[in-house]
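For ligands, and for the atoms within them, numbers begin at 1 and follow the listed sequence.
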Amino acid sequence: MRFQAPRGTEDVLPVDSHKWRRLESEFVRCVDLFGYQEIRTPTFEDAQLFLRTAGETSDVVSKQMYDFFDKGDRHIALKAEGTAPAMRAMIEHGLLQAGTVHRIFYNTPVFRYERPQKGRLREHHQVGIELIGSSAVEADAEVIAIAVQFYERLGLADFELRINSIGRSECRDKYRAAILEFCQPWLANQEAEARAKAEANPLRLLDSKDPELQKFMAHAPSIQDYLEPECAQRFESLQRLLSDDGIQFQVDSRIVRGLDYYTETVFELQIESIGAQSAIGGGGRYDGLIGQLGGPPIPSVGFGIGIERALLALESKGIVWERGLTGVFVASAGESHVASARRIAGQLRGAGIPALYDFEGRSLKSQLKQADKLGFRYVAILGDEESATGTVSLRDLSTSTQSSVGVDELLGALLS
Ligand code: HAM
């Protein structure tokens, strides 16, 4: 029997892994500039963590959670998103006190039982940040600016930043009632299940992918008209800060997000060129989540960016990251030179230079081919002539030039 990767999962193969490493290190460099520190949490959690925070009516919980009972009869779920586990850990380790601001980041697999398609996986990976402990609007602006700067660092320019405020719970209660009333003519023709779902969480009608419903919702009332004056002012201040930072955005009142813990600011980064699953990042403020988990009432804001979608976006814009050439392949023209090749490769590694040599008795031609395929910058060739003169023929594959270098001078030549 031949096994395949489970449906909705992807292998990252050696030819592509350098792209992941580059993206991840660009992310770390970007968040380092703002003083964020890494947190790592387990791949699975008590299922209640997600049930309580993401919302029982959210798709993530109601349809997509990978949950099971373990051998000790505990209800476990694979990580369905990154924020609640990070907050669970901060509370558990007593790190949260009112008045202290924490900045954390993570890089984590996320599991959702979705219908797989391009850019929509059952296991995907997210890099994300959480700014914990501030209700200042500057915190929202900082988090959004980091998401934008990250993509700019990658060389991506034409994504859209869509922002919205969904207000505090008072604003949303009034707005939910208004949306439900507006949707009555549409809901009257729906199955009981769809009606029940809409009644449980009317806001989800706004970001439905159903084209008929989308058409109907085009004239729906806007949350902007239901914001309390304080929330409306806060949203205006955020827009001013983003404009001051030279960040382009659109206010989009249909951005409501798929997780129930958000309050006030929500945002998404989208790019058309990767198809229907166009969200390449999203986040917002979640002032009630830590309290819901039994922690102090600490306001926070953050985002998550899908690594697979970020890489798709780069590819769709023709941004190609070549694997950098490094190191030396020490090739031997004949079996009698293998021992010297082994010794030289060891010396190179000792000096911090990646090096390989061939012990399979391949022809010189196939060793050269292999060096090229593996991404080596240099090939040091050892043959009878080189051996007689105490030299190697050093070929630079990046420039296709070759020179004769004394074995004793090899390190110096490579390190200069
Ligand atoms: P989310 O919008 O569910 O938010 O996911 C964040 C990002 O992960 C999306 O914008 C997308 O790029 C990627 N993503 C989501 N689902 C999939 C999937 N099935 N396949 C591939 N990529 C996917 C959150 O998870 C929040 N925890 C973000 C956050 C952090 N909010 C506040 N802090």
Side-chain angles (χ1 to χ4, degrees), residues 6-10 12 23 27 31 36 39 41 45 49-50 53-55 58-61 63-66 78-88 90 102-132 139-140 142-144 146-147 150-151 154 156 159-164 166 204 207 209 255-271 274-290 299-314:
R7 186 165 145 74
T9 67
E10 279 177 358
V12 179
L23 185 141
F27 181 78
V31 299
Y36 284 73
I39 189 164
T41 62
E45 293 277 351
L49 179 66
F50 303 110
T53 54
S58 69
D59 284 352
V60 167
V61 160
K63 295 198 284 198
Q64 298 168 353
M65 211 161 62
Y66 269 93
L78 299 188
K79 200 184 272 187
E81 61 100 28
T83 308
M87 296 311 121
R88 192 268 308 136
M90 296 295 281
H102 295 273
R103 289 177 168 82
I104 58 171
F105 77 88
Y106 48 79
N107 178 354
T108 182
V110 172
F111 305 87
R112 296 180 185 171
Y113 193 80
E114 307 227 40
R115 213 150 11 102
Q117 66 175 83
K118 185 180 170 205
R120 190 165 69 193
L121 295 159
R122 289 186 175 167
E123 180 191 27
H124 72 274
H125 297 78
Q126 281 186 27
V127 285
I129 62 170
E130 311 295 349
L131 194 165
I132 309 159
D140 308 40
E142 174 176 310
V143 164
I144 294 175
I146 292 174
F150 168 64
Y151 273 113
L154 300 189
L156 210 66
F159 55 87
E160 284 182 356
L161 166 64
R162 295 174 177 269
I163 63 170
N164 191 19
I166 55 169
R204 298 321 315 270
D207 62 2
K209 295 255 187 277
I255 301 282
V256 287
R257 311 276 299 130
L259 300 153
D260 281 2
Y261 50 62
Y262 291 108
T263 51
E264 305 222 30
T265 307
V266 285
F267 65 95
E268 269 183 20
L269 304 175
Q270 298 178 355
I271 192 157
I274 60 169
Q277 302 305 316
S278 59
I280 52 172
R285 178 161 280 285
Y286 50 94
D287 290 348
L289 188 145
I290 295 172
S300 301
V301 53
F303 71 70
I305 281 176
I307 297 182
E308 289 86 351
R309 288 193 197 169
L311 291 173
L312 279 177
L314 292 175

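The pair Glu81-Arg112 does not meet the salt-bridge criterion, since no charged nitrogen lies less than 4.0 angstrom from a carboxylate oxygen.
Any N or O atom pair closer than 3.5 Å counts here, and Glu308 shares no such pair with ligand 1. The shortest N/O to N/O separation between Gly283 and ligand 1 does not fall below 3.5 Å. For the pair Ile129 and ligand 1, the shortest N or O to N or O distance does not fall below 3.5 Å. Checked by distance only, ligand 1 and Ile305 stay at 3.5 Å or farther apart across all their nitrogen or oxygen atoms.
You'll find the side chain of Phe50 reaches within 4.5 Å of the side chain of Lys79, heavy atoms only. Between Tyr286 and Leu259 the shortest side-chain heavy-atom distance does not fall below 4.5 Å.
Protein heavy atom at the shortest distance from atom 8 (O) of ligand 1 is Gln126 NE2, 3.2 Å. In terms of protein heavy atoms, atom 25 (O) of ligand 1 is closest to Arg112 NH2, 3.1 Å. Ranking the protein heavy atoms by distance from atom 20 (N) of ligand 1 puts Leu121 N, 3.0 Å first. Scanning all protein heavy atoms for the shortest distance to atom 7 (C) of ligand 1 gives Gly304 O, 3.6 Å. Scanning the protein heavy atoms around atom 27 (N) of ligand 1, the nearest turns out to be Glu81 OE1, 2.6 Å. Summary of contacts: the protein heavy atom closest to atom 9 (C) of ligand 1 is Ala279 O, 4.1 Å. Residue, atom and distance of the protein heavy atom nearest to atom 30 (C) of ligand 1 are Thr83 OG1, 3.0 Å. Of the protein's non-hydrogen atoms, the one nearest atom 18 (C) of ligand 1 is His124 ND1, 3.3 Å.
If you take CG on Leu269 and CZ on Phe150, they are separated by 10.5 Å, rounding to the nearest 0.5 Å.
For the 3.5 Å distance criterion, the side chains of Glu130 and Tyr106 qualify, holding a donor opposite an acceptor. Remark: the Gln64 side chain and the Glu114 side chain contain an N/O donor-acceptor pair separated by less than 3.5 Å. Counted by atom type alone, Tyr261 and Thr83 present one or more donor-acceptor pairs between their side chains at under 3.5 Å.
Per-residue contacts place Tyr262 under 4.0 angstrom from the following atoms of ligand 1 (heavy atoms of the residue considered): 26 (C), 28 (C), 29 (C), 31 (N), 32 (C). Less than 4.0 angstrom separates some heavy atom of Tyr106 from each of these atoms of ligand 1: 30 (C). Here is the list of ligand 1 atoms found below 4.0 Å of a heavy atom in Glu130: 30 (C), 32 (C), 33 (N).
Around atom 21 (C) of ligand 1, the closest heavy atom drawn from Ala313, Gly119, Gly306, Gly281 belongs to Gly119. The heavy atom nearest to atom 1 (P) of ligand 1, considering only Arg257, Glu114, Arg115, is found in Arg257.
At a 4.0 Å heavy-atom cut-off, ligand 1 touches Tyr261 through the side chain alone. Proximity of Phe303 to ligand 1, defined as any heavy-atom pair under 4.0 Å, is confined to the backbone N, CA, C and O atoms. At a heavy-atom cutoff of 4.0 Å, ligand 1 is contacted by no atom of Arg122, backbone or side chain. When heavy-atom distances to ligand 1 are checked against a 4.0 Å cut-off, Phe111 has no atom that comes that close, whether in backbone or side chain. At a 4.0 Å heavy-atom cut-off, ligand 1 touches Arg120 through backbone and side chain alike. The proximity of Val110 to ligand 1, defined as any non-hydrogen pair under 4.0 Å, does not occur for either the backbone or the side chain.
With sequence neighbours left out, the side chain to side chain contact (heavy atoms under 4.5 Å, CB included) criterion links Ala139 to Leu131, Ser134, Arg285, Val301. Checked against side chain to side chain contact (heavy atoms under 4.5 Å, CB included), Ala313 has the following partners two or more places apart in sequence or in another chain: Leu156, Ile271, Ile274, Ile280.
Formation of a donor-acceptor pair under 3.5 Å by the Arg309 side chain with backbone atoms of Gly281 is not found in this model.
Checking each of Lys118, His125, His124, Gln277 against Glu308 for a side chain to side chain donor-acceptor pair (under 3.5 Å) leaves exactly one that passes, namely His125.
Not a single heavy atom of Tyr113 lies less than 4.0 angstrom from ligand 1.
By the neighbour-count criterion of 12 heavy atoms within 6.0 Å, atom OH of Tyr113 is sparsely surrounded, having that number or fewer from other residues, nucleotides or ligands.
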